[in-house]
Amino acid sequence: MRTPIIAGNWKMNKTPAEAKALVEELKPLVKDASATVVVCVPAIDIPAVAEAVKGSNIKLGAENVHFKESGAYTGEISAAMLKECGVEYVIIGHSERRTYFGETDETVNLRVKAAVAAGLTPIICVGEHKEEREAGYTDALVTYQTLIALTGLTDGEVASAVIAYEPVWAIGTGLTATDEQANETIGVIRKAIAGKYGCEVAEKVRIQYGGSMNPKNVKGLMAQKEIDGGLIGGASLKAPDFSLVVNFDK
Ligand code: 13P
């Protein structure tokens with residue numbers, strides 16, 4: 001049995017003071033969650049949120065990490081820096097980074113390796129554009145993105161990684177993949193992992209759905225066999241909404 005994992009991706013929202021206030025509001029609302037609860041926050045908010053989550057069941061995540069250990073990379077943040085600040089999870093390869101910041105499958109893989117080497121759990125994002133789904137390429141694309149991202153990891157490291165299947169056309173649009181579409185594509189991702197790393201590893205990997213997940217559609221999605229959680233954008237910015245998603249089984 002895989003423990004569900006519900007993670008918020010705040011994207012470029014919340015100042016440190018707003019971040020602290022949101023976490024303080026969230027803490028009592030999610031304290032009895034059976035899922036792993038993570039908030040992935042802007043880098044500048046990390047110290048405030050690290051302090052605010054102390055003693056709670058909320059885990060701290062970052063939204064990106066650089067792949068080098070140190071050096072002349074102005075504006076970037078290393079895995080060791082995140083780790084020292086209390087970060088446990090890091091989103092890697094979000095479609096917004098692929099679209100706006102030149103992220104490629106190769107740099108996603110480099111970031112995943114750097115994160116894992118520093119003891120962070122990567123939340124690796126994969127997913128197709130609308131045109132790719134319509135052309136019938138979804139399965140091939142998510143298989144490729146997943147296998148490239150995981151290249152170079154040991155079986156154990158793959159087993160403890162988190163994958164987020166986020167169809168790009170469903171992000172921030174209010175459009176959600178149907179329960180069946182999400183389940184089917186996540187099944188394809190698990191099968192790809194099984195083909196390369198074996199069934200035992202594939203059965204351990206937690207694979208989330210992301211894309212307009214909210215209090216209304218969470219139950220249907222989470223009832224699907226292959227779906228182990230969610231990566232939540234807009235609905236993670238309000239404590240009552242996020243807590244309803246986190247407590248999907250209550
Ligand atoms: P929305 O929930 O706002 O669609 O965002 C999803 C997402 O991109 C999470 O990483």
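Counting starts at 1 for both ligands and their atoms, following the listed order. Because the structure is predicted, anything quoted here is derived from the model rather than measured.
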Side chain D228, main chain I207, donor-acceptor under 3.5 Å:
yes
Point-to-point distance, once rounded to the nearest 0.5 Å, from OG of S34 to CD1 of I6
9.0 Å
Say whether T36 and R206, considering side chains only, have a donor N or O and an acceptor N or O under 3.5 Å apart.
yes
Taking the side chain as everything from C-beta on, heavy atoms only, tell me whether R98 gets closer than 4.5 Å to Q145.
yes
Show me which atoms of ligand 1 lie under 4.0 Å from any heavy atom of G211.
4 (O), 6 (C)
Are any of the N/O atoms on E96, whether in the backbone or the side chain, positioned under 3.5 angstrom from an N/O atom of ligand 1?
no
State, without any angle test, whether H94 and E166 hold a side-chain donor-acceptor pair at a distance under 3.5 Å.
yes
Could you list which atoms of ligand 1 come closer than 4.0 Å to a heavy atom of K11?
5 (O), 6 (C), 7 (C), 8 (O)
The atoms of ligand 1 lying under 4.0 Å from a heavy atom of H94, numbered in the order shown, are 7 (C), 8 (O), 9 (C), 10 (O)
Which atoms of ligand 1 sit under 4.0 Å from any heavy atom of A170?
4 (O)
No-hydrogen, no-angle side-chain donor-acceptor test under 3.5 Å, N109 and T151:
no
So do the side chains of V112 and L153 get within less than 4.5 Å of each other, counting heavy atoms only?
yes
Has ligand 1 got any nitrogen or oxygen that is less than 3.5 angstrom from a nitrogen or oxygen of L231?
no
Location of contacts on S95 toward ligand 1, heavy atoms closer than 4.0 Å:
neither
Contact atoms of ligand 1, heavy-atom distance to G234 under 4.0 Å
1 (P), 2 (O), 3 (O)
Could you tell me which atoms of ligand 1, counted from 1 in the order shown, lie closer than 4.0 angstrom to a heavy atom of S212?
1 (P), 2 (O), 4 (O)
Stepwise side-chain hydrogen bond (donor to acceptor under 3.5 Å, both in side chains) test for E131 and W169
CA-CA 9 Å; E131 301 72 24; W169 49 271; over 6 Å; no
Return the option from Q208, E63, E166 holding the heavy atom at the smallest distance from atom 10 (O) of ligand 1.
E166
4.0 Å heavy-atom contact, A235 with ligand 1
no
Any side-chain donor near an acceptor of the partner, R133 and T185, under 3.5 Å
yes
Record the part of N9 in heavy-atom contact with ligand 1 below 4.0 Å; permitted values are side chain, backbone, both and neither.
side chain
Heavy-atom proximity to atom 4 (O) of ligand 1, best of G172, G233, G210:
G172
